[in-house]
Number of protein chains: 2
Amino acid sequence: MGTNHTKGPTVPITPLYRRIADQLREEITSGRLGPGSRLPTEEELQQQHGGVSRNTIRNALRELAAEGLIETATRRGTFVRQHRTLTYHAVSAERADRPSSEGRDAFYDEVHAQGRSPSQDFAMVIEPADAGVAARLRVAEGDLVVARSVVRYVDKRPWSDQISYYAMDIAEQAGLIVAQDIPDGTVRAMARAGHEEVGVVDEITSRMPTPEEARVLDITAAGVPVLLYWRTTYSTSRPLRVTRTMFPADRNCIVYELGELVAYHEGLRVTVDQDQAR
Amino acid sequence: MGTNHTKGPTVPITPLYRRIADQLREEITSGRLGPGSRLPTEEELQQQHGGVSRNTIRNALRELAAEGLIETATRRGTFVRQHRTLTYHAVSAERADRPSSEGRDAFYDEVHAQGRSPSQDFAMVIEPADAGVAARLRVAEGDLVVARSVVRYVDKRPWSDQISYYAMDIAEQAGLIVAQDIPDGTVRAMARAGHEEVGVVDEITSRMPTPEEARVLDITAAGVPVLLYWRTTYSTSRPLRVTRTMFPADRNCIVYELGELVAYHEGLRVTVDQDQAR
DNA sequence: GGTGATTTGTGCGTATGTATT
DNA sequence: TAATACATACGCACAAATCAC
């Protein structure tokens with residue numbers, strides 16, 4: 001009540017909780033608090049900073065969590081996040097002479113090569129095209145399109161959420177309207193029906209996930225964005241496919257390899273973590 | 001003080017602040033609260049939800065801010081963020097027969113074409129290579145490399161933060177150790193010195209910015225990640241250049257156009273916003 | 001395998017500062 | 001100048017999850 005602790009009559013140009021956050025951040029980025037190490041408890045932090053209120057400490061911690069630097073676990077404490085298993089998701093540039101099969105084989109190969117176990121959930125629905133899909137597929141908004149979705153897992157952990165859209169006529173001709181995975185790949189199925197992919201346009205951006213997206217991709221920590229990756233493929237005459245893939249950004253990296261890369265492949269394939277650890 | 005408000009004896013499976021956030025999110029995503037529109041004040045929200053505490057409302061709002069959905073301004077209120085000027089940053093796939101000049105011309109053309117004014121701050125320093133640069137450039141960590149950095153602006157607003165690294169010997173031969181922009185482009189300068197870029201490896205990822213990065217890129221709102229884009233280029237025998245570019249993710253999109261795209265260019269170039277608005 | 005202690009999660013209340021209208 | 005509305009900071013209480021014994 002009357003406890004006026006006349007402590008800060010000075011003008012704290014930067015707020016208290018932010019100064020505390022700055023101090024902790026420095027501990028982390030400098031390496032004194034390495035990945036996986038535990039921070040002091042909230043109460044300890046209160047005392048270390050001259051008995052500030054718990055809310056102030058929590059504000060500071062929330063700041064760092066939003067930056068993706070730490071994560072908290074009830075009862076266990078607060079920990080420096082480790083951007084561990086930074087398996088990178090390579091997207092090789094598709095070439096006209098080597099069409100991939102919707103990436104499925106590539107995914108399996110990639111994951112198997114790393115000694116981990118891939119799996120996936122598949123679904124097919126027919127639905128009206130929203131604005132984004134309609135514009136890319138060049139159909140009218142609301143036209144029915146075939147949507148084939150795959151959620152991929154590595155060691156039972158969700159890795160990517162992908163959905164591909166096809167115009168009705170092409171889907172019918174290529175036999176894509178089946179509620180199962182197409183072993184051979186939809187790309188080859190379309191090619192057999194006379195629709196060969198000869199060019200692609202990729203759009204890559206990023207944003208924070210919705211709670212639903214975070215749930216699907218098992219993003220538990222705050223401060224982890226998703227990578228949004230749209231691929232539109234074309235035959236010589238029209239768009240064939242629109243694929244929208246969402247990745248948790250802390251576990252993935254999109255890689256393009258273009259041109260002559262003998263010099264690249266000669267050297268050892270270095271998979272440095274992409275500056276995630278700052 | 002002894003006001004024990006025996007209000008919630010029930011088990012609120014989802015916390016109160018989260019339910020309030022869910023409700024507000026629905027208002028926004030459904031469009032009832034459009035971009036730019038103002039939310040009720042915190043006090044109004046308290047009343048609308050049966051007189052909950054202000055902290056609870058603020059928790060809900062912080063949730064939405066961290067998702068990039070809203071932003072708050074002292075005294076003015078809380079607003080639905082508008083992912084407005086979604087100018088997209090096109091990165092055309094470089095081809096061996098058409099090397100670009102470090103992107104500078106491309107940037108100027110791109111921005112000018114949209115009737116906006118580009119500008120940039122340039123700097124050159126010689127510094128030891130960190131682990132990421134060293135591995136990509138295939139020099140030893142700590143070896144001195146030439147770093148040429150550019151911060152690009154569109155209408156005086158920061159757009160990207162880019163820094164390119166060159167091995168010392170190549171930089172000397174190509175005359176890159178000058179503290180000015182090279183009008184012709186460093187790529188052509190290297191080519192003249194016998195180091196021609198014939199292949200590139202791009203790595204794209206995303207994370208939340210550090211406060212310093214947010215300051216440089218003028219990212220004021222919470223919940224806005226940055227796109228991290230590494231390009232390593234190769235001659236037939238070795239890595240030539242490592243370029244690290246950082247973009248605010250809410251204003252940028254990286255685009256690749258690969259293969260034959262007559263069908264794409266025939267149709268109007270649709271620049272749909274990339275699902276940023278959900 | 002339960003019990004208690006620890007630690008974060010949620011929610012309440014209050015006061016004052018600061019920027020803007 | 002005054003009022004408004006968000007920002008920061010203090011305090012408290014209890015719940016829930018987990019770890020150690």
Side-chain angles (χ1 to χ4, degrees), chain A residues 1-24 37-66 70-81 211 220-222, chain B residues 1-22 24 37-66 69-81 211 220-222:
Chain A
M1 3 241 77
T3 59
N4 35 356
H5 18 131
T6 340
K7 168 176 304 176
T10 66
V11 190
I13 302 176
T14 58
L16 179 52
Y17 78 94
R18 211 175 280 270
R19 290 200 306 264
I20 295 173
D22 290 345
Q23 193 171 319
L24 286 171
S37 57
R38 192 184 141 168
L39 275 66
T41 68
E42 296 176 352
E43 197 183 344
E44 285 168 346
L45 286 171
Q46 286 183 62
Q47 290 159 2
Q48 286 177 21
H49 293 87
V52 299
S53 100
R54 190 173 157 222
N55 281 347
T56 301
I57 295 298
R58 284 179 65 78
N59 269 342
L61 293 179
R62 172 142 38 191
E63 186 100 338
L64 299 177
I70 62 172
E71 61 191 325
T72 60
T74 301
R75 158 61 190 154
R76 292 196 293 116
T78 306
F79 299 86
V80 179
R81 282 194 46 210
T220 53
Chain B
M1 0 220 93
T3 58
N4 34 356
H5 15 108
T6 341
K7 170 173 302 176
T10 67
V11 189
I13 302 175
T14 60
L16 179 51
Y17 78 93
R18 212 175 279 271
R19 290 200 306 263
I20 295 172
D22 290 345
L24 285 170
S37 57
R38 190 183 142 170
L39 275 66
T41 68
E42 295 177 353
E43 196 184 344
E44 284 167 347
L45 286 170
Q46 286 184 62
Q47 291 160 1
Q48 286 176 23
H49 293 88
V52 300
S53 101
R54 191 172 157 224
N55 281 348
T56 302
I57 295 298
R58 284 179 66 77
N59 271 343
L61 293 178
R62 175 142 37 192
E63 186 101 337
L64 299 177
L69 276 182
I70 63 172
E71 61 191 325
T72 60
T74 301
R75 159 61 188 154
R76 292 195 292 115
T78 306
F79 299 86
V80 179
R81 280 193 49 209
T220 53

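Naming convention: chains lettered A, B, ... in sequence-line order (proteins, then strands); numbering from 1 in each chain. Just so you know, these numbers come straight off a predicted model, no measurement behind them. Values reported hereafter were calculated over all heavy atoms of this structure, with side chains retained and with hydrogens, waters and symmetry mates removed.
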To the nearest Å, how far apart are A/I57 CD1 and D/dA9 P?
11 Å
In whole Å, I'd like the distance from the CD atom of A/E71 to the C1' atom of C/dG9.
16 Å
Polar atom pairs (N or O), protein with nucleotides 13-15 of chain D, under 3.5 Å:
none

Side chain of B/R18 only, please: which of D/dC10, C/dT10, D/dC6 is the nearest?
C/dT10
Minimum-distance nucleotide (side-chain atoms of A/R76 versus D/dC10, D/dC19, C/dT7):
D/dC19
Can you tell me how far C1' of C/dT8 sits from CG of A/L61, to the nearest Å?
10 Å
Atom CD of A/E43 and atom P of C/dG9: how far apart are they, to the nearest Å?
15 Å
Over how many whole Å does the gap from B/R58 atom CZ to D/dA5 atom P extend?
14 Å
Donor-acceptor pair under 3.5 Å, B/N59 side chain vs C/dG11 base
no
Can you figure out which of D/dC10, C/dT20, C/dT8 approaches the side chain of A/E42 most closely?
C/dT8
Least distance between heavy atoms, A/R81 atom then A/A222 atom:
NH1-O, 4.0 Å
What distance separates B/E63 CD from B/I70 CD1, expressed to the nearest 0.5 Å?
10.0 Å
DNA chain D: 5'-proximal contact among B/L39 and A/N55 (nearest heavy atom)
B/L39
Phosphate-side-chain proximity, B/T78 and D/dC6, N/O vs OP1/OP2 below 4.0 Å:
yes
Quick one: A/Y17 OH to D/dC10 C1', roughly how many Å, whole number?
16 Å
Stepwise, does the side chain to side chain contact (heavy atoms under 4.5 Å, CB included) test hold for A/L39 with A/V80?
CA-CA 7 Å; A/L39 275 66; A/V80 179; 3.7 Å; yes
Got a second to check how far B/T72's OG1 is from B/L64's CG, nearest 0.5 Å?
11.0 Å
In Å and rounded to the nearest 0.5 Å, what is the CG to CG distance from B/L45 to B/L24?
6.0 Å
Taking atom P of C/dT6 as reference, at what distance in whole Å does atom CZ of A/R38 sit?
12 Å
Please determine, for the side chain of A/T74, which listed nucleotide (D/dA16, D/dC10, C/dC12) has the closest atom?
D/dA16
Among C/dG13, D/dC6, D/dC10, the one nearest any side-chain atom of B/S53 is C/dG13
Given 3.5 Å as the limit, does a donor-acceptor pair link the side chain of A/R58 with the main chain of A/E42, or not?
no
Under 4.0 Å, counting only non-hydrogen atoms across every strand here, what does A/R62 touch: a base, just sugar-phosphate, or nothing?
nothing
Side chain of A/R54, backbone of A/Q46: donor and acceptor closer than 3.5 Å?
no
Taking every heavy atom of B/E71 against every heavy atom of B/A221, the minimum-distance pair comes out as OE1-CB, 3.5 Å
Would the base of C/dT20 count as contacting B/R75 through its side chain, where contact means a donor and an acceptor less than 3.5 Å apart?
yes
Taking any heavy-atom pair under 4.0 Å as a contact, classify A/T72: base, sugar-phosphate, or nothing.
sugar-phosphate
Whole angstrom value for the distance that separates C1' of D/dA5 from CZ of B/F79
11 Å
